[in-house]
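This one's a predicted model, so the numbers in the text were calculated from it and none came from an experiment. Residue numbers count from 1 along this sequence. Excluded from the calculations below are hydrogen atoms, water molecules and symmetry mates; all remaining heavy atoms, backbone and side chain alike, are included.
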Amino acid sequence: MALARTRSMALLGVEGHVIEVEAHLGEGPAGLTLVGLPDTALREARDRIRAAVVNSGECWPEGHITVSLSPASLPKRGSGFDLAIAAAVLAAAGAVPPSALHPAVVLAELGLDGRTRAVQGVLPAVLAGVRSGHTTFVVARGNAKEAALVPGITVVAVASLGELLAHLRGEPIDQDLFGDPADTERHESPADNRRRPDLADVLGQPVARRALEIAAAGSHHLMMVGPPGTGKSLLAERLPTILPRLAPEDSIEVTAVHSVAGTLPKGSPLIVDPPFCAPHHTATRAAIVGGGSTRLRPGCVSLAHRGALFLDEAPEFARGVLDSLRQPLETGEVVIARSAASVCFPARFLLVLAANPCPCGRPGPACTCSSSQRRRYLARLSGPLVDRVDLKVELQPVAHAELLADRPYAESSATVAARVAQARQRAARRLAGTPWSTNAEIPGAELRRHFPVAPPALGILAAALERGDISARGVDRTLRVAWTLADLAGRPQPAVEDTAFAYALWSGRAQ
């Protein structure tokens, strides 16, 4: 009888857990038994691993093999355990020194010919492994760049089971023999010459353009209402061009979410620009907030983490889908509970809603909708959801003369992005030493306690609160926007005009 062990990683959401893979060779009928709550894909690893070992020129051990994945109470999903199980079985059979496997964490899928295949979620798995004290990770070559994003670790990238065995035995590696053209580094296709979207493409709509700049500077949620063709989608699609690049720690966090979802870009896997997600209005609740029956996947709100989520034709989304956004808008995360486990995905995003003013969408006299139809249409956006939106702008059709007059003066994304970056720097200096980095993140109580506004600037909000035109939460959101306006203007504190314009934007009356 013989025993060998190595380690792999299991993912629950974006949280990794170290799994000890033990292989025991004993007497009994030939076969391989997996214990430790494996899912269907992992149970199928038995036949996959045997074929990979034989096709790599190794002898499959005789007798009964028991493979234990512990802790046994933690569900294990996916094919990322293949290489670790194969290595442990061969080490137990004496094909490689068992001690060579002890310090390594092994993550890769195996093909029937013994070649390794990249798996999803390597970055969060490596991050969790580092927190547990591990520094050596064996991955498929297709995951090598992703694993190497974590500093201070040793990444062993292998193209096949045979290459891993040669490495463990200290033998020279024949790249021509073990190279896998399917899993080696994939180069990006040559850069095309398509022009990047620019805010200068949007002519007219000065209030909406200003609201977009404020949203980017303070990470405030934005809602645009107007007939088709007024530029709602054009503005939303150009929001990423004025957002600052991600900070290093945010970049790793965003990349980890996309690694779990399998949506990392080819070439360099590190995501440095804020993500932009625009789901179709037929998307389900699971697609928006995350979930699944067997494997819990991040939804659009998590794929837009540290970026923007754009819901075009927002009233066409299912009411339950829209209301499910309320929790992540408040907490910045999504908790998905299932009978087997609960997972938490980060979901701090900038929400952009676009809607027509009525079901038909035709502007002016061409509209055939009654006033009650218009009210019912926009009422699909619930009051609690709209109350969480800081900026509300109504867009009107742009006249031909305005298009011609605005063309020479339309600001580019680079110009606006520079102002946004300066405003964010001012906010960061003011919020230094706090857990927040943008004005929209500050809780209302902390905003009033640590960042008071001069009484004259509060006059318009106090009067609106007395009339019942604004809620207490709306006051907090308006004050956050006022601070962003002050940051954009370079003022140390919001002035009367800042709170007045912020209230006009919150109430949808800005002109």
Side-chain angles (χ1 to χ4, degrees), residues 11-15 39-40 75 77-78 120-121 124 215 219-225 232-233 236-237 239-240 253-254 256-264 274-356 359 376-390 392 440 473:
L11 284 176
L12 285 179
V14 291
E15 292 296 323
D39 71 343
T40 302
R77 299 182 175 92
Q120 298 175 5
S219 194
H220 302 287
H221 306 309
L222 170 65
M223 177 178 173
M224 296 179 286
V225 179
K232 303 185 297 294
S233 298
E237 290 165 358
L239 177 59
E253 188 178 27
V254 170
V257 173
H258 284 258
S259 174
V260 171
T263 57
L264 285 181
F276 180 78
C277 190
H280 192 261
H281 62 78
T282 57
T284 63
R285 187 180 308 186
I288 297 296
V289 300
S293 56
T294 56
R295 181 185 172 205
L296 300 181
R297 292 172 51 86
C300 292
V301 296
S302 297
L303 296 178
H305 180 58
R306 302 295 180 186
L309 175 67
F310 175 43
L311 301 186
D312 198 6
E313 307 292 346
E316 301 295 337
F317 282 79
R319 182 69 175 264
V321 170
L322 293 172
D323 286 342
S324 67
L325 297 174
R326 287 155 55 179
Q327 182 214 3
L329 286 176
E330 288 292 329
T331 64
E333 62 183 20
V334 171
V335 178
I336 302 172
R338 295 291 184 270
S339 58
S342 295
V343 301
C344 179
F345 291 112
R348 190 167 295 282
F349 56 91
L350 194 165
L351 176 65
V352 181
L353 301 174
N356 294 325
R376 284 197 301 269
Y377 183 71
L378 290 179
R380 296 180 185 179
L381 303 174
S382 66
L385 175 63
V386 175
D387 197 40
R388 287 169 168 82
V389 177
D390 305 338
K392 306 174 187 72
R473 179 166 56 198

So, do [X] and [Y] sit near enough that their side-chain heavy atoms are less than 4.5 Å apart?
{"X": "Phe345", "Y": "Pro328", "answer": "no"}
{"X": "Leu12", "Y": "Arg77", "answer": "yes"}
{"X": "Phe317", "Y": "His281", "answer": "yes"}
{"X": "His258", "Y": "Leu303", "answer": "yes"}
{"X": "Met223", "Y": "Leu351", "answer": "no"}
{"X": "Met224", "Y": "Val352", "answer": "yes"}
{"X": "Cys300", "Y": "Cys277", "answer": "yes"}
{"X": "Leu309", "Y": "Leu325", "answer": "yes"}

With a 6.0 Å cut-off (strictly less than), is the heavy-atom count around CZ of Arg380, excluding the residue itself, greater than 12? yes
On a heavy-atom basis, which atom in [X] and which in [Y] lie closest, and how many Å separate them?
{"X": "Leu378", "Y": "Ala355", "value": "CD2-CB, 4.4 Å"}
{"X": "Leu239", "Y": "Ala308", "value": "CD2-CB, 3.7 Å"}
{"X": "Tyr377", "Y": "Glu313", "value": "OH-OE1, 4.0 Å"}
{"X": "Ser302", "Y": "Val257", "value": "O-CG1, 3.5 Å"}
{"X": "Pro274", "Y": "Gly307", "value": "CB-CA, 4.0 Å"}
{"X": "Pro279", "Y": "Ile288", "value": "CG-CD1, 3.6 Å"}

Asp312/Lys232 salt bridge by N-O under 4.0 Å criterion: no
Between the side chains of Arg348 and Glu333, is the shortest nitrogen-to-carboxylate-oxygen separation below 4.0 Å, so that they form an ion pair? no
With side-chain contact (heavy atoms from CB on, under 4.5 Å) as the criterion, how do Ser382 and Arg319 come out once you've worked through the C-alpha distance, each side chain's angles and the decisive distance to 0.1 Å? CA-CA 8 Å; Ser382 66; Arg319 182 69 175 264; 3.4 Å; yes
Roughly how far, to the nearest 0.5 Å, is the [atom2] atom of [Y] from the [atom1] atom of [X]?
{"X": "His280", "Y": "Leu311", "atom1": "NE2", "atom2": "CG", "value": "12.0 Å"}
{"X": "Leu385", "Y": "His221", "atom1": "CG", "atom2": "NE2", "value": "9.5 Å"}
{"X": "Ser233", "Y": "Phe310", "atom1": "OG", "atom2": "CZ", "value": "4.0 Å"}

Which of Val225, Val389, Val386 passes side chain to side chain contact (heavy atoms under 4.5 Å, CB included) with Leu381? It is Val386
Please evaluate residues Leu11 and Val260 with respect to the criterion side-chain contact (heavy atoms from CB on, under 4.5 Å), reporting the C-alpha separation (whole Å), side-chain torsions for both, the decisive distance (0.1 Å), and the verdict. CA-CA 9 Å; Leu11 284 176; Val260 171; 4.2 Å; yes
When you measure from the side chain of Ser259 to the backbone N and O of Gly121, does any donor-acceptor pair fall under 3.5 Å? yes
